[in-house]
Each structure stands twice: as structure tokens, then as C-alpha cells.
Colleague: 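Mind looking over this structure? Questions follow.
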Amino acid sequence: MPDRKSETRWSNGAGADHDLIIVGGGLAGASLAIALAGRGLRILIVEHQDEFRDRIRGEVLMPWGSLEARRLGIYDLLLESCAMEAAYYSRFRSGSPPAVRDLLATTPGETCCMTFPHPQMQTVLLQHAESLGTTVTRGHVASSVTLGDVPRVHIGGDSKGLSARLVVLADGRDSRLRSLLGFEVRHDPEQLVTAGMILEGEVDCSEFLAGNAPPPASTINLFYDPKGGRMVIAMRIAPGRNRIYLIYHKDVLPKRLSGRHSVEEMVRQLKATGAPGHWFDRARQAGPFASFDGSHRWVDRPYRDGVVLIGDTAAATDPAWGRGLSRTLRDVRLLRDQLLDSSDWRSAAEAYASDHDDFYGRMRRLEAMETALLFERGEAADRRREHAFALFARDPARIPDATGLGPEAPSDDQARARYFGEI
């Protein structure tokens, strides 16, 4: 347990044990500590897991997320330790020719996708944060948080707690502390279901299945079956280790796929959506296999009385679109910028909450557009898709570039009308 030596003084003259206490040592928490390192701040991370485990988490940064990683100073660290670059994005749609995109040549930041095993990424970042001077305690649970001018984090049965200038909750989409503090979580109705599993063996799910690219370049492979209401996203995350997701409308399958008894049906669905059969001939399912609801969950104004929420604790987008980690790094960068720009951290946290709501709202509108056009069921939805796809073939600019731009991709009423072919 950390001690309370040498209290920090801050702008209003009050004392605190730490400048910043971060609950959660994953991508959000560790990245924030790294981004604020070297500025004389006393930072404590409380991480309840002794060892990070695979729980079917996001394992890809979109090009705009890679740009955020560069801004935060963690991109090269990940690339040198546990990550791989995917410089291309390949899309296969039933009945249409494949489309292979060179991300470095076509994205505004000249960035590409990055993939990695999630637990290794967490370990690398947390260890680096510690090496830069962050105090890290693992295996201890933050049992409660006290709001106020000087918020406190209570670890285990400690009734007094540790005080901080600001407390950051980065403990995930099911944060218990968020609920205890009374933050209201809103959510959209369930529409999509995502099933994810690992394939291990002599197979590369980032191989090129269409077109040519210079070795050793790799791609993210996406397969889309409009009539079946299904999509597959596949990628290599480490040598001999691949992550593959089946995304489908909730009405497509009678029950969710989960556990070893569902692996055969998962493979059948993956192949029916377009995934090549040889992937499954030379690989085996490994690790956890489960399905989960992809509906958006969020907190409006994720700051209150000395406690700020970031990452999935603040808002969780639909994992079907693979933007969760990129969105988390956007949160971290926005909060870092506000904290460094002002000595009044309460005002800075309020400004971050406003920035967060703005970009998350745009992402939610964007993903609602994509879900409605690509996955809604019924004859009317089929006709709308056919009409929109015909227009896309003539004018690809009708499709908002969510891969390259993220929340900067247009999502207003005019963009939606162009996307649906209404204008």
C-alpha cells in the first residue's frame, strides 16, 4: 500500500496525498499516467488485477486512434514491444469486388491500424508508467470513492482513504464505483451482437486475399453479408495468434454463441459470411469464446465533484466497429490537454467532460447510421441498402470515412441523408 508522505500542494492551498489517483491500470489509466509523466506530479494507479487476462477485449487501433497514440507518446513503445501495424484495410462484400485501402496513403494523418494482444498491451503500458515515476498498486481493490473538494479513494477496508487533487475512474464499462457515486448510465437498445475468439496456429488472418502489397505488409480483413445481416472482422495480433469477430443483427441467430459447444457453429457462420476455409483447417480455437451486447452505454457530463470518468467508464461505443480503444485514447488526450492547460483542475475536468460529450455524441450518431443501413432487417431495409450501395459505387465520398477520421467524419443530418441516398 502506498504511504502518505510529502503531501502535494496545489493552487487553492489545500493539501493532498497525490495530485492524481487513477482507478484502473489498463489502456486508459496507464496512458494518462504516461502522458502526464515528467511534470512533477504525484500519480497513483490502483489496479485490482495482479495479472491481466484475456477477456475478449478490443485489440485494434483505427488510424485516427494510432494518431492519438502518437500524440500521447505510446505508439512507438507499443510497436517495439507487443504491437503490429496493419497498413491496409480490405473489405469484401457479397456480390461486389473487393476493396483494398492503403491506409498510409489515404488517411489524413498518414497512419495505419495497429493490433496487439490486449493483456500484453496493458502490461507494457502499466510497467512503463511505473518506470516514469507513477506509483502502482496491484491486487488491491478501490472499495469506494468520496466526492468533494479533496476527493478520496478508499482501498480495501481503509476508512480514511487517500486524498487527491483529482480522481480518475478508468475501471471499465461495468464500473462498480461509477454506480456507487450515482453517475447515471444511459444506453441504447440492443441491435448488434459480437462474438469473438482467438485462432492459433499456422494461419495469418491479416493475409492479403485480394490485390498485391509489399511484404511484410498486412491488412485488416472485413467480410460483409448484407442479406445475412452478418459481418466478420479478422486480424493477426501476434505471430501465430489471430482475433476473429462475428458481428450480427440480434435477430439473425436464435441464441448467442459462447463456449466450446458453440465453436462449430461459429466457424460455420464465419465461413458463410466470407471468411476463407483454410483459416480453420490450419488453426484451433484458443482462449475464451463468448458473445456480448454491442449497444452504446454512456454517462452525460462524465465529471462530478473531483471525480472524472474516462474510457469505457465514461462511454462505450459498439465494439462491432472496432473503435473502442481509439475512443479511449481520445478521452485520455482530451483530459491531458485540459489538465496541462489550467492550474484549476476542476474547471479543466469540466471542460474535458464537455469535449468528451461532443465527440462521443458524433461517434454515436455515426455508428447509428452505419448500423441502420448495414444491419437493419426487412424488405424496406434491403431496398434502401441496394439503393445506397449503387450510389456508393458511383460516388464513394457519400460514405463517411470513419476509419480514417473517426469522430471527425461527418454525421450530421445532411451526411446521414447522403449516406442513405436520400439526397
Colleague: Side-chain contact, heavy-atom cut-off 4.5 Å: Ile155 with Val153?
Modeller: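 Of all side-chain heavy-atom pairs linking Val153 with Ile155, at least one is under 4.5 Å.
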Colleague: Under a 3.5 Å distance rule, please check whether Ser411 uses its side chain to pair with a backbone N or O of Leu366 as donor and acceptor.
Modeller: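 Side chain of Ser411 to backbone of Leu366: no pair is present.
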Colleague: Would you say the side chain of Leu339 lies within less than 4.5 Å of the side chain of Leu36, judging by non-hydrogen atoms?
Modeller: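 Heavy-atom side-chain distance check passes, below 4.5 Å.
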Colleague: For a quick check under 3.5 Å, do Arg101 and Thr106 share a side-chain donor-acceptor pair by atom type?
Modeller: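 Yes, Thr106 and Arg101 have a side-chain donor paired with an acceptor closer than 3.5 Å.
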Colleague: Would the distance check show the side chain of Ser90 and the main-chain N or O of Thr219 forming a donor-acceptor pair, the cut-off being under 3.5 Å?
Modeller: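 Absent.
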Colleague: Does Arg53, at its CZ atom, have more than 12 non-hydrogen atoms belonging to other residues, nucleotides or ligands within less than 6.0 Å?
Modeller: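 Counting neighbours around CZ of Arg53, 12 or fewer heavy atoms of other residues, nucleotides or ligands fall under 6.0 Å, so no.
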Colleague: Measure the spacing between CZ of Phe208 and OG of Ser218 and express it to the nearest 0.5 Å.
Modeller: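 The OG atom of Ser218 is 6.5 Å from CZ of Phe208, to the nearest 0.5 Å.
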Colleague: Looking at every heavy atom in both Pro117 and Ala238, which two are closest together, and how far apart are they?
Modeller: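 Where Pro117 meets Ala238 most closely, the heavy atoms are CG-CB, 4.0 Å.
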Colleague: Any sub-3.5 Å donor-acceptor pair from Asp17's side-chain atoms to Ser163's backbone N or O?
Modeller: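 Pair found, side chain donor or acceptor close to backbone of Ser163.
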Colleague: Could you go through the side chain to side chain contact (heavy atoms under 4.5 Å, CB included) check for Met235 and Tyr245 one step at a time?
Modeller: CA-CA 9 Å; Met235 66 200 78; Tyr245 298 97; 4.2 Å; yes
Colleague: Is the number of heavy atoms from other residues, nucleotides or ligands under 6.0 Å of Glu386 CD greater than 12?
Modeller: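 At most 12 heavy atoms, drawn from other residues, nucleotides or ligands, come within 6.0 Å of this atom.
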Colleague: Would you mind reporting whether Leu67 and Arg333 have side-chain heavy atoms less than 4.5 Å apart?
Modeller: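 Result no, sub-4.5 Å side-chain heavy-atom pair not found.
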Colleague: Using 0.5 Å steps for rounding, measure from the OG atom of Ser81 to the NE2 atom of His128.
Modeller: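 Between Ser81 OG and His128 NE2, I get 9.5 Å after rounding to 0.5 Å.
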Colleague: Output yes when Arg418 and Asp412 qualify as a salt bridge under the 4.0 Å nitrogen-oxygen rule, no when they do not.
Modeller: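 No, this pair does not count.
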Colleague: Under 6.0 Å from the six-membered ring centre of Tyr352 and within 45° of its axis: does the NZ or CZ of Arg336 meet both?
Modeller: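 The answer is no; the distance or angle limit is not met.
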Colleague: So, Asp225 and Arg230, do they make that salt bridge, N to O below 4.0 Å?
Modeller: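 Looking at Arg230 together with Asp225, the answer is yes, because their closest N to O distance falls below 4.0 Å.
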Colleague: How about Arg327 and Thr317: does a side-chain donor come under 3.5 Å of a side-chain acceptor?
Modeller: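 Note: Arg327 and Thr317 side chains meet the donor-acceptor criterion.
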Colleague: Main chain of Gly311, side chain of Asp331: is a donor-acceptor contact present, judged purely on distance under 3.5 Å?
Modeller: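 Here the side-chain-to-backbone pair exists.
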Colleague: For the atom pair CG (Asp337) and CG (Leu335), what is the distance rounded to the nearest 0.5 Å?
Modeller: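 Here the rounded value is 9.0 Å.
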Colleague: Checking Asp171 side chain against Val23 main chain: does a donor-acceptor pair fall under 3.5 Å?
Modeller: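 No, Asp171 side chain to Val23 backbone: no donor-acceptor pair under 3.5 Å.
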Colleague: Given the ring of Tyr360, does Arg362 sit roughly above its face, with NZ or CZ under 6.0 Å from the centre of the six-membered ring and within 45° of the axis?
Modeller: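 So Arg362 doesn't make the cation-pi contact.
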Colleague: Would you call Glu376 and Arg384 a salt bridge, using N to O less than 4.0 angstrom?
Modeller: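 Judged by the 4.0 Å cut-off on N to carboxylate O distance, Glu376 and Arg384 do form a salt bridge.
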Colleague: Measure from NZ or CZ of Arg304 to the centre of the six-membered ring of Phe183, then state whether that distance is under 6.0 Å and the direction lies within 45° of the axis.
Modeller: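 Yes.
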Colleague: Would you check if Val252 and His249 make a side-chain contact, meaning some heavy-atom pair closer than 4.5 Å?
Modeller: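 With C-beta onward as the side chain, the pair touches.
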Colleague: Mind checking whether Ile233 and Asn221 have side chains closer than 4.5 Å, heavy atoms only?
Modeller: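 A side-chain contact under 4.5 Å is absent here.
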Colleague: I'd like to know if Arg243 pairs up with Asp54 as an ion pair, taking the criterion as any Lys NZ or Arg NE/NH1/NH2 lying under 4.0 Å from an Asp or Glu carboxylate oxygen.
Modeller: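 Result for this pair is yes, salt bridge flagged.
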Colleague: Among side-chain atoms of Asp293 and Ser295, is any donor-acceptor pair under 3.5 angstrom?
Modeller: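 Yes, side-chain donor-acceptor contact under 3.5 Å.
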Colleague: Could you tell me if the side chain of Leu309 sits less than 4.5 Å from the side chain of Tyr303, heavy atoms only?
Modeller: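 No. Closest side-chain heavy atoms not under 4.5 Å.
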Colleague: Checking Asp204 now: which residues fulfil salt bridge (Lys or Arg N to Asp or Glu O under 4.0 Å) with it, not counting sequence neighbours?
Modeller: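 Here the qualifying residues are Arg236.
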Colleague: Describe, in one word, how the ring planes of Phe359 and His356 are oriented to each other, choosing from parallel (under 30°), tilted (30 to 60°) and perpendicular (over 60°).
Modeller: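 Geometry flag for His356 against Phe359: perpendicular rings.
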Colleague: Inspect the contact between Glu47 and Arg138 and indicate whether a charged nitrogen and a carboxylate oxygen are less than 4.0 angstrom apart.
Modeller: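 No.
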Colleague: Take atom CD in Glu200; do more than 12 heavy atoms of anything else shown fall under 6.0 Å from it?
Modeller: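 Yes - once you tally the heavy atoms of other residues, nucleotides and ligands closer than 6.0 Å, there are more than 12.
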Colleague: Considering non-hydrogen atoms only, spot the tightest contact between Ser342 and Arg165 and give its length.
Modeller: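 In terms of heavy atoms, the two residues are closest at O-NH2, 4.5 Å.
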Colleague: Applying side chain to side chain contact (heavy atoms under 4.5 Å, CB included), run through Leu78 and Leu125 and close with a yes or a no.
Modeller: CA-CA 8 Å; Leu78 291 174; Leu125 292 180; 3.9 Å; yes
Colleague: Under a 4.0 Å N-O cut-off, is there an ion pair linking Glu370 with Arg323?
Modeller: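 Answer for the salt bridge query: yes.
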Colleague: For the residue pair Leu103 and Thr111, establish whether any side-chain heavy-atom pair is separated by less than 4.5 Å.
Modeller: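 No - every pair of side-chain heavy atoms lies 4.5 Å or more apart.
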Colleague: Would you check, one step at a time, whether the test ring pair (Phe, Tyr, Trp, His ring centres under 6.0 Å) holds for Tyr224 with Phe92?
Modeller: CA-CA 6 Å; Tyr224 171 52; Phe92 302 85; over 10 Å; no
Colleague: Once rounded to the nearest 0.5 Å, what's the spacing between atom OG1 of Thr403 and atom CE of Met62?
Modeller: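 Answer for the OG1-CE pair, Thr403 versus Met62, is 6.0 Å.
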Colleague: For a quick check under 3.5 Å, do Ser175 and Arg178 share a side-chain donor-acceptor pair by atom type?
Modeller: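 Distance-only check fails for Ser175 and Arg178.
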Colleague: List the steps and the verdict of ring pair (Phe, Tyr, Trp, His ring centres under 6.0 Å) for Tyr248 and Phe375.
Modeller: CA-CA 8 Å; Tyr248 58 93; Phe375 286 98; 9.3 Å; no
Colleague: Does Asn242 use its side chain to pair, donor to acceptor, with the backbone of Val203 at less than 3.5 Å?
Modeller: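 Pair found, side chain donor or acceptor close to backbone of Val203.
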Colleague: Pairing donors with acceptors under 3.5 angstrom, does anything connect the side chains of Tyr75 and Glu85?
Modeller: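 Checked: Tyr75/Glu85 side chains pair up, N/O donor to acceptor below 3.5 Å.
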Colleague: Would you mind telling me which of Val145, Ile43, Leu44 makes a side-chain contact (heavy atoms from CB on, under 4.5 Å) with Ile21?
Modeller: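 Testing each of Val145, Ile43, Leu44 against Ile21, the sole residue satisfying side-chain contact (heavy atoms from CB on, under 4.5 Å) is Leu44.
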Colleague: How about Trp279 and Glu207: does a side-chain donor come under 3.5 Å of a side-chain acceptor?
Modeller: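 Indeed, the side chains of Trp279 and Glu207 share at least one donor-acceptor pair under 3.5 Å.
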Colleague: So, His296 versus Glu367: side-chain donor-acceptor pair below 3.5 Å or not?
Modeller: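 There is such a pair between these side chains.
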Colleague: Can you tell whether the side chains of Lys250 and Glu190 come within less than 4.0 Å, N to carboxylate O?
Modeller: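 No, Lys250 and Glu190 are not salt-bridged.
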Colleague: Are Leu147 and Leu181 side-chain neighbours, meaning at least one heavy-atom pair lies under 4.5 Å?
Modeller: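 The answer is yes, as the side chains (C-beta and beyond) meet within the 4.5 Å cut-off.
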Colleague: Can you name the one residue among Asp174, Asp318, Asp188 that meets salt bridge (charged side-chain N to carboxylate O under 4.0 Å, His left out) with Arg297?
Modeller: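 Answer to the salt bridge (charged side-chain N to carboxylate O under 4.0 Å, His left out) test with Arg297 among Asp174, Asp318, Asp188: Asp174.
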Colleague: Let's go through Thr137 and Thr135 carefully: what are the C-alpha distance in whole Å and the side-chain angles of both, what is the deciding distance for side chain to side chain contact (heavy atoms under 4.5 Å, CB included) to 0.1 Å, and is it a yes or a no?
Modeller: CA-CA 7 Å; Thr137 177; Thr135 301; 5.9 Å; no
Colleague: Can you see whether Ser258 engages Ser291 through a side-chain donor-acceptor pair at a distance of less than 3.5 angstrom?
Modeller: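 No, no side-chain donor-acceptor pair sits under 3.5 Å.
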Colleague: Quick one: CE on Met121 to CD1 on Ile74, what's the gap to the nearest 0.5 Å?
Modeller: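 If we round to the nearest 0.5 Å, Met121:CE and Ile74:CD1 are 8.0 Å apart.
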Colleague: Could you verify whether a donor N or O on one side chain and an acceptor N or O on the other, from Ser159 and His154, lie under 3.5 Å apart?
Modeller: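 Judged by distance alone, the side chains do not pair up.
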Colleague: Between Ile247 and Ala320, which heavy-atom pair has the shortest distance, and what is it?
Modeller: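 Answer, listing the atom of Ile247 first, then Ala320: CG2-CB, 3.4 Å.
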